[in-house]
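Keep in mind that what you see is a predicted model, and the values were worked out from it rather than measured. Throughout, a chain's letter reflects where its sequence line sits, starting with A, and its residues are numbered from 1.
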Amino acid sequence: MSSFAKFGNELYTGKRSYNFVGAKKIWFLVAAAAVALSILIPVVKGGFNLGIEFRGGSEFTVSNVKTTEASVGEKAVHDVVPGSVPRVANVAGTTMRIQTDKLSDDETLKIKEGLTKAYGVTDNEVTSTFVGPTWGADVTKQALIGLVVFVALATVLMALYFRTWKMSLSAIAGMLVTMFITAGVYALSDFEVTPSAIIGFLTVLSYSLYDTVVVFDKIRENTADIDSSTRRTFGEEVNLAVNQTLVRSINTMMVAILPVGAILFIGAGLLGAGTLRDLSLALFVGILIGTAATIFIAAPMYAWLRQGEAPLVKQAQRVKQRRGDAAAKAAAAEPAKA
Amino acid sequence: MARTGRNKPSLRVLVWLGVILAAMTAVLAGGTMSGVASWSPKLALDLEGGTQMILAPKVEGGSDINEEQLNQAVAIIRQRVDGSGVAEAEISTQSGRNVVVSLPGTPSTETRALIQASADMNFRPVLVTGAGAAVPAAERTPAAQLPKPTAKPANASDSNWITADVQKQFEALDCDNPAQDKQERSDPAKPLVTCEPATDQTPAIKYILGPVEVKGVEIQGSTFQLQQGAQGAVTNEWAVNIQFNAEGTAKFKTVTERLNQFYVAAGGETGSDPKSQFAIVLDNQVISAPRSQAVITDGRPQITGGFTEQSAKALSDQLRFGALPISFDIQSEQQISATLGGEQLRMGLLAGLIGLLLVVVYSLFQYRALGFVTIASLVVAGALTYLAIAILGWTENYRLSLAGVAGIIVSIGQTADSFIVYFERIRDELREGRGLVSAVENGWKRAKRTVLASKAVNLLAALVLYFVAVGNVRGFAFTLGLTAIADLIVVFMFTHPTLQQLARTRFFGEGHKFSGLDPERLGAVPLYRGAGRLRSPEDKPSVVRAKNTGAAAEAERRMTIAERRRAEQQEQLAGSSKGPAKEGK
């Protein structure tokens, strides 16, 4: 801890400093490339790996199976619907998942019986899900509405809280970058997109904004009397604020990601696919990216948006002049002493 | 434990929090003891096992469904599910578009069909009525005497509709045992044998009805009111009014002209020819069979006789359902075994515990003894959330779903977040060279705004998610919002007052190296860097603070003055001339 506290101290006093704001061009380029890739990947791959909720169809989950063989399940489905191509998978431990095309009520009941016998389980260890073909469109529509409403309300909230649209815009930009890259990671890794994943995804947006609010609060505090200060330029103050909150950002990210990681590994390892796993996967990815986006995108963007303002340009000149004076003084004092 | 007098305001806040917790516990305990509540939260179907169906109502003709229609849809399904004898079914609307039906166990094919079907309302003339019970086998009409229609029926009221089969069906029907008559959809062109179920006032009646004459869709509206007497004065009798559309009006006129002849022929009010009756059939059950006492030419019949306000409203509602043939598409259906649900809950709780443990370890590692404040705060937040969920389960029938459990687990991190923001602020203040008491006050002032703003973002997200949520993940949004509120209460009413108290203890106040607030470790520098040198450990503000006995704000002010004096002294001792201008005299 000692070294971490020291790390925090040095960041706080400015003794140690990472140039987040100064190197903004690099971050913006990296982010732009990542966003472009995130849009390209799903296009090239032909979309996301959509869950059954979007595709429509029937799904059975059998727990505590005696055998994890896929052929047993396939046979049980073929016995009822000869022509179908079921997807049978051992999702975790002794849990099997069988997905088929849309089935009629009768077929569903029969296959359920068949699976009960085939896997040697009791009636109440088989769970069946049926999703109609229009449900996915509905889910997608709702998720998009949620997204738009949330972004609009959050923009207003940010603008009211920070009283400057430039902060609001920067925060939203950071959030959008998070959103695109998280979606890109999903497309790239072939994680299944389910309604739970989408909810996790929307929650990530809130996390990203939350993180930005905390950092921006510090920025605002540091730059409150920028006009009368000649110690640092606006950009440098923003950078200092990011550095000063870096330990907080890391700690916050850690405590947010630890419980999510716990669900993810228990959810994925022991239960297979399900609400818990899908939610936590989106959160896990999104929290990491969201924290980075605040530091590398939102804060530098804010500094960049404001650096051209006339009073800040004048202030930067004053800082430069003072530094020049100080340097000249030091230079003049040096030979006198010698 | 307090070394320097008590900080009364912060103690008072802690007491208030205790009062809130005690009150919530008392409410729940009261509910539990009177048997209406339970100590454990109610579980949703995905944890308890059962079936959840999400249905999209569809109005015939394809028009969009409005809120009133959706509520009617819920009422229709509720009536059917209750009627089919499924206990503990829950029917609700979702996002203003869908109907969610949750049933324990697995519904039979019949129940599913029943839920999905659209309401089917028709008006049929009555041919024969009889007592509800089945005719004993011995007394049934012998085969030879069964009616043999002699001609094609001339109109819907013609007795030639009654064939041998119809007669046999009629005699065998047992209306006292309602489970028997669950037939769906009848052929509108054929006669129908059916029941009017028994009510509190009337016994069950069975009917042979003629073919459909007016359809439910031809009803334009229905109201109920206190009947007006001959002089226009309001009487105590309730009446149900129907209003037909143009087509319905014309048909109804023809029908009542015929039915009224039977009524008059049978001797008016004293008569009892069943053929003067007109049955309103909903989903193949007669809901009312009024006598046609007059020819209705304007399409605005009024049904009277023995209504209470309640029964008049019920009939009027049913008539409106009939005017609105809503059918349902199953959007998604999930049958979850109790085994799987139980296992998921166990794993979810296990994941939560592990996550909690990791957070505890991490915060102890990062914040040493201060980590215990985090743990205690999490415990209080947990207690608040648990009580709220259990109470909501009782009062609002809120059920905890797996997604809800996920929301709670995720919130562990977000709750711990606010403490980190606060603690880091305190550390910042310590680094600036403040004493702990003032660092806590100043840090709080700044952290408070940040915590409020960031929680507002959380709440906003939870609200948006809740209102647009799809499927069963609404529970996630709900617990996320609930825990955000619990978090705010805890930060304001527990964490901050506790720190105010702890700041006065020797352990924290003197910055013990395990306190997590050790100024030396935090690289504290004196407030007056202008003095040009670091303050030695003996000069730490905690020594000065010993004089403090007043409230926090006062303490802060006093200390600043004390510090300033000390700094001045130091400067004089050091003989420095570079002090800040404001201190130069």
Chemist: Looking at CE of A:Met254 and CD1 of B:Ile420, how far apart are the two atoms once the value is rounded to the nearest 0.5 Å?
Modeler: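 If I round to the nearest 0.5 Å, the distance is 10.0 Å.
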Chemist: Please classify the contact between A:Phe150 and chain B as side chain, backbone, both or neither, with a heavy-atom cut-off of under 4.5 Å.
Modeler: both
Chemist: Taking all non-hydrogen atoms of both residues, which atom of A:Pro259 and which atom of B:Ile412 are closest, and how far apart?
Modeler: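 That would be CG-CB, 4.2 Å.
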Chemist: Decide side-chain contact (heavy atoms from CB on, under 4.5 Å) for B:Glu424 and A:Val247; before the verdict, give the C-alpha distance in whole Å, the side-chain angles of both, and the deciding distance to 0.1 Å.
Modeler: CA-CA 8 Å; B:Glu424 287 297 330; A:Val247 169; 3.6 Å; yes
Chemist: So among A:Leu202, A:Val151, A:Val149, A:Leu205, which one has a side chain to side chain contact (heavy atoms under 4.5 Å, CB included) with B:Val464?
Modeler: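 Only one of A:Leu202, A:Val151, A:Val149, A:Leu205 forms a side chain to side chain contact (heavy atoms under 4.5 Å, CB included) with B:Val464, namely A:Val149.
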Chemist: Say you draw a straight line from OG1 of A:Thr61 to CD of B:Gln334; how long is it, rounded to the nearest 0.5 Å?
Modeler: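 CD of B:Gln334 is found 8.5 Å from OG1 of A:Thr61.
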Chemist: Which heavy atom of A:Ala262 sits nearest a heavy atom of B:Ile354, and at what distance?
Modeler: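 So the two residues come closest at CB-CG2, 4.1 Å.
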Chemist: At a heavy-atom separation under 4.5 Å, does A:Asp211 approach chain B through its side chain, its backbone, both, or neither?
Modeler: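 No part of A:Asp211 comes within 4.5 Å of chain B.
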Chemist: Please find the pair of heavy atoms, one from A:Ile263 and one from B:Ala406, that lie closest to each other, and give the distance.
Modeler: CD1-O, 4.5 Å
Chemist: Of the backbone (N, CA, C, O) and the side chain (C-beta and beyond), which part of A:Glu221 lies under 4.5 Å from a heavy atom of chain B, both, or neither?
Modeler: side chain
Chemist: Between atom CG of A:Leu279 and atom CZ of B:Phe476, what is the distance when rounded to the nearest 0.5 Å?
Modeler: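 Reported to 0.5 Å precision, the distance equals 5.0 Å.
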Chemist: Do B:Glu333 and A:Thr108 come within less than 4.5 Å of each other through their side chains, counting heavy atoms only?
Modeler: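 In short, these two side chains do not touch, never coming nearer than 4.5 Å.
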Chemist: May I ask you to name which of B:Gly413, B:Gly355, B:Ser332 has the most heavy-atom pairs under 4.5 Å with chain A?
Modeler: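 Top count of heavy-atom pairs under 4.5 Å with chain A: B:Ser332.
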Chemist: To the nearest 0.5 Å, what is the distance between OG1 (B:Thr450) and OH (A:Tyr210)?
Modeler: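 The OG1 atom of B:Thr450 sits 9.5 Å away from the OH atom of A:Tyr210.
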Chemist: Only pairs of heavy atoms separated by less than 4.5 Å count here; which of A:Leu157, A:Ile145, A:Val62 has the most with chain B?
Modeler: A:Leu157
Chemist: Which bit of A:Lys112 is near chain B, if near means a heavy-atom gap under 4.5 Å: side chain, backbone, both or neither?
Modeler: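 For A:Lys112, side-chain heavy atoms alone lie under 4.5 Å from chain B.
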Chemist: So which part of A:Ser128 gets closer than 4.5 Å to some heavy atom of chain B, the side chain, the backbone, both or neither?
Modeler: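 A:Ser128 touches chain B through backbone and side-chain heavy atoms alike.
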Chemist: Roughly how far, to the nearest 0.5 Å, is the OG atom of A:Ser206 from the CG atom of B:Leu465?
Modeler: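 The distance works out to 7.5 Å.
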Chemist: Who among A:Leu153, A:Leu209, A:Ile287 has the most heavy-atom pairs with chain B under 4.5 Å?
Modeler: A:Leu153
Chemist: Only pairs of heavy atoms separated by less than 4.5 Å count here; which of B:Leu480, B:Leu460, B:Leu402, B:Val451 has the most with chain A?
Modeler: B:Leu460
Chemist: Do you know which of A:Thr122, A:Ile52, A:Val214 has the most heavy-atom pairs with chain B at a distance under 4.5 angstrom?
Modeler: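 Option with the top pair count is A:Val214.
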Chemist: What closest approach, in Å, do A:Val213 and B:Ser454 show between heavy atoms, and which atom pair accounts for it?
Modeler: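 That would be CG1-N, 4.0 Å.
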Chemist: Name the residue from B:Arg446, B:Lys448, B:Arg449 that meets the salt bridge (charged side-chain N to carboxylate O under 4.0 Å, His left out) definition with A:Asp217.
Modeler: B:Arg449
Chemist: Which atom pair, heavy atoms only, marks the closest approach of B:Val359 to A:Val255?
Modeler: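 Closest heavy-atom pair between B:Val359 and A:Val255: CG2-O, 3.8 Å.
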Chemist: Identify which part of A:Leu283 has an atom lying under 4.5 Å from any heavy atom of chain B, answering side chain, backbone, both or neither.
Modeler: side chain
Chemist: In terms of heavy-atom proximity below 4.5 Å to chain A, should B:Asp428 be classed as side chain, backbone, both, or neither?
Modeler: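 B:Asp428 touches chain A through backbone and side-chain heavy atoms alike.
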Chemist: State the OH-CG distance between A:Tyr207 and B:Asp417, to the nearest 0.5 angstrom.
Modeler: 5.5 Å
Chemist: So which part of A:Val126 gets closer than 4.5 Å to some heavy atom of chain B, the side chain, the backbone, both or neither?
Modeler: backbone
Chemist: What pair of heavy atoms forms the shortest contact from A:Asn251 to B:Tyr367, and how long is it?
Modeler: ND2-OH, 2.9 Å
